[in-house]
Amino acid sequence: MNEGPTIFVIFGVTGDLSQRKLLPALFSLFSHNLLPKKFKIVGFSRRGWTDDDLRNFVRESLESKKVVGSPDQTESFLAHMEYANGIFDDAQAYVNLKQRLDRIDAEFGQCSNKLLYLAVAPAFYEIIFEHLKTSGLNIPCGGELGWTRVLVEKPFGNDTKTAEKLESLLTQIFQEAQIFRIDHYLAKETVQNILTFRFSNSMFEPIWNAATIEKVHIQVFEKNRVEDRGDFYDGVGALRDVGQNHLLQMLALIAMDRPKSMHGDDVRKKRAEILKKVSFSKYSKRILEQAVRAQYQGFLQEKGVAVGSQTETYFKLPAFIANKRWKNVPFVLESGKALRESKAEISVYFKRLDCAEQNVVRFRIQPNEGIEIVFWVKKPGFEKEHQQKVLAFSFDETKLEHQVPDAYERVLFDCVRGDPTLFASTDEVKYSWKFITPILEKWKGLPLTSYLPGSI
Ligand code: BG6
């Protein structure tokens, strides 16, 4: 990548997200020569470590995740890392960090790009934003040449009100072009493929509407329980954790109109237009009647979960889009933890003709990434029986030709090159909360159903 020197600052470098996703993604980009030639990774945390402690931690972490390169490659990656000590609410720690970044700039001999990654629990966003401002870490040192960008993870807020507050704080400190709101589902190869499939194959677009489509089912199923994230997950719940973002973003990609181009704001605008039309008020009765929220048995015993917690670990509900194209077509959103299998897929069901058979277009987001079209043929023989067949494309077939990048590689890569297409805009976040918040409100105090792990 032909970019200037760049410093990646990871707040929460020792946390789960950093270990599981960011560090492996940075290493993979490095080993494919996709990071800027000159770069540093500064890990910010409160463990009082040295640079070597951080390097040992990252080495072990990469090994345990089976991210392997040649020993030389790993060591030369680790040599780019530095440790910055501090707690998130200590103003001095940010002053020190700023001095460190200035020192690295001096070593590079120029003002470098700064990518500030908030890999921390959302509870820390506000305090970090404030200190970024007071320390001047939000200000790019070189205009166009030495940019400063901030990457924020979801959940962005807890409901409409808190998201607005956060947004207003964030936009006081950073310009919109500096802000990259992550929804890593948008960065999944198979999710990006939805737009190519829809808009590069002329046979689908004319029938992609309520006249032909009966319903769309969007599922993100996980076999895993909350693991060691009980603390974070309790009080957040499945609808906020993945419904407000990943599932609604997939809905937007399935339902949006053709953008002027497949880049940047053109795509974001069209996604936002659809999210704006996902209406609770118009369809509240149908949504609430059909909505299911449940908790797996054993959730209350998970570490970090409050006694008597009413947090849902599973939900299923229909969303409707208040426009002509999608009139009365349910987009069923369904997700949960401790389910029978792990899969993410979108099934588009077509209306039946005068027969029982139904066509389905299925986007398999993961695992076994690909696309399937279910159709019907005559069964060979003397009878008039039909049989179901599947036309299938699998990403596996292309693996030898192209490496499929991990979503977090894509997130980091696009942030460095300043491409906002796969990040949520402020409007998208706003409209998603507008749909989700009243459902959460209505759910308050309603009894939860429970399910046995693996039973759904
Ligand atoms: C995250 C959620 O955004 O997405 C997690 O916070 C969830 O709870 C994860 O497990 C699922 O992502 P993926 O890429 O593993 O399907």
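Remember, it's 1-based here, ligands and their atoms both numbered in the order they're listed.
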Notebook entry, point to check: Between atom OG1 of Thr162 and atom CH2 of Trp433, what is the distance when rounded to the nearest 0.5 Å?
Noted result: 6.5 Å
Measure the distance from [atom] to every protein heavy atom, then report the residue, atom name and distance (to 0.1 Å) of the closest one.
atom	answer
atom 12 (O) of ligand 1	His184 NE2, 3.2 Å
atom 16 (O) of ligand 1	Tyr185 OH, 2.5 Å
atom 10 (O) of ligand 1	Glu222 OE1, 2.6 Å
atom 8 (O) of ligand 1	Asp241 OD2, 2.6 Å
atom 15 (O) of ligand 1	Gln366 NE2, 4.3 Å

Next item on the list: Select the closest option to atom 14 (O) of ligand 1 among Glu153, Lys188, Lys154, judged by heavy-atom distance.
Entry: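 Residue with the shortest heavy-atom distance to the ligand atom: Lys188.
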Next item on the list: Examine Lys389 relative to Phe375 and say whether NZ or CZ is less than 6.0 Å from the centre of the six-membered ring and inside a 45° cone about the ring axis.
Entry: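 Here Lys389 fails the 6.0 Å and 45° test against Phe375.
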Check: Would you call Glu345 and Arg364 a salt bridge, using N to O less than 4.0 angstrom?
Finding: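 The answer is no: the pair does not qualify as a salt bridge.
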Next item on the list: Run the salt-bridge test on Glu273 and Lys276 with the 4.0 Å N-O cut-off and return the result as yes or no.
Entry: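 Looking at Glu273 and Lys276, the cut-off is not met.
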Checklist line | Ligand-residue contact atoms, ligand 1 with Lys337, heavy atoms, under 4.0 Å | finding: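 Those atoms are 5 (C), 7 (C), 8 (O), 10 (O).
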Checklist line | Residue His246 vicinity, atoms of ligand 1 by number, heavy atom under 4.0 Å | finding: 1 (C), 3 (O), 4 (O)
Item checked: With Phe156 via ring pair (Phe, Tyr, Trp, His ring centres under 6.0 Å) - residues at least two apart ->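 Here no residue qualifies.
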Note to self: Going by salt bridge (charged side-chain N to carboxylate O under 4.0 Å, His left out), name the pairs with one or both residues in residues 302-318, residues two or more places apart or in two chains.
What the structure shows: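 For residues 302-318, and leaving out neighbouring residues, the salt bridge (charged side-chain N to carboxylate O under 4.0 Å, His left out) pairs sorted by first residue read Arg225-Glu302.
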Note to self: I'd like to know if the side chain of Asn85 pairs up with that of Tyr83 as donor and acceptor (distance under 3.5 Å, no hydrogens or angles considered).
What the structure shows: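 Yes, side-chain donor-acceptor contact under 3.5 Å.
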Next item on the list: Please say whether Lys21 places an N or O atom under 3.5 Å from an N or O atom belonging to ligand 1.
Entry: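 By distance alone, the answer is no.
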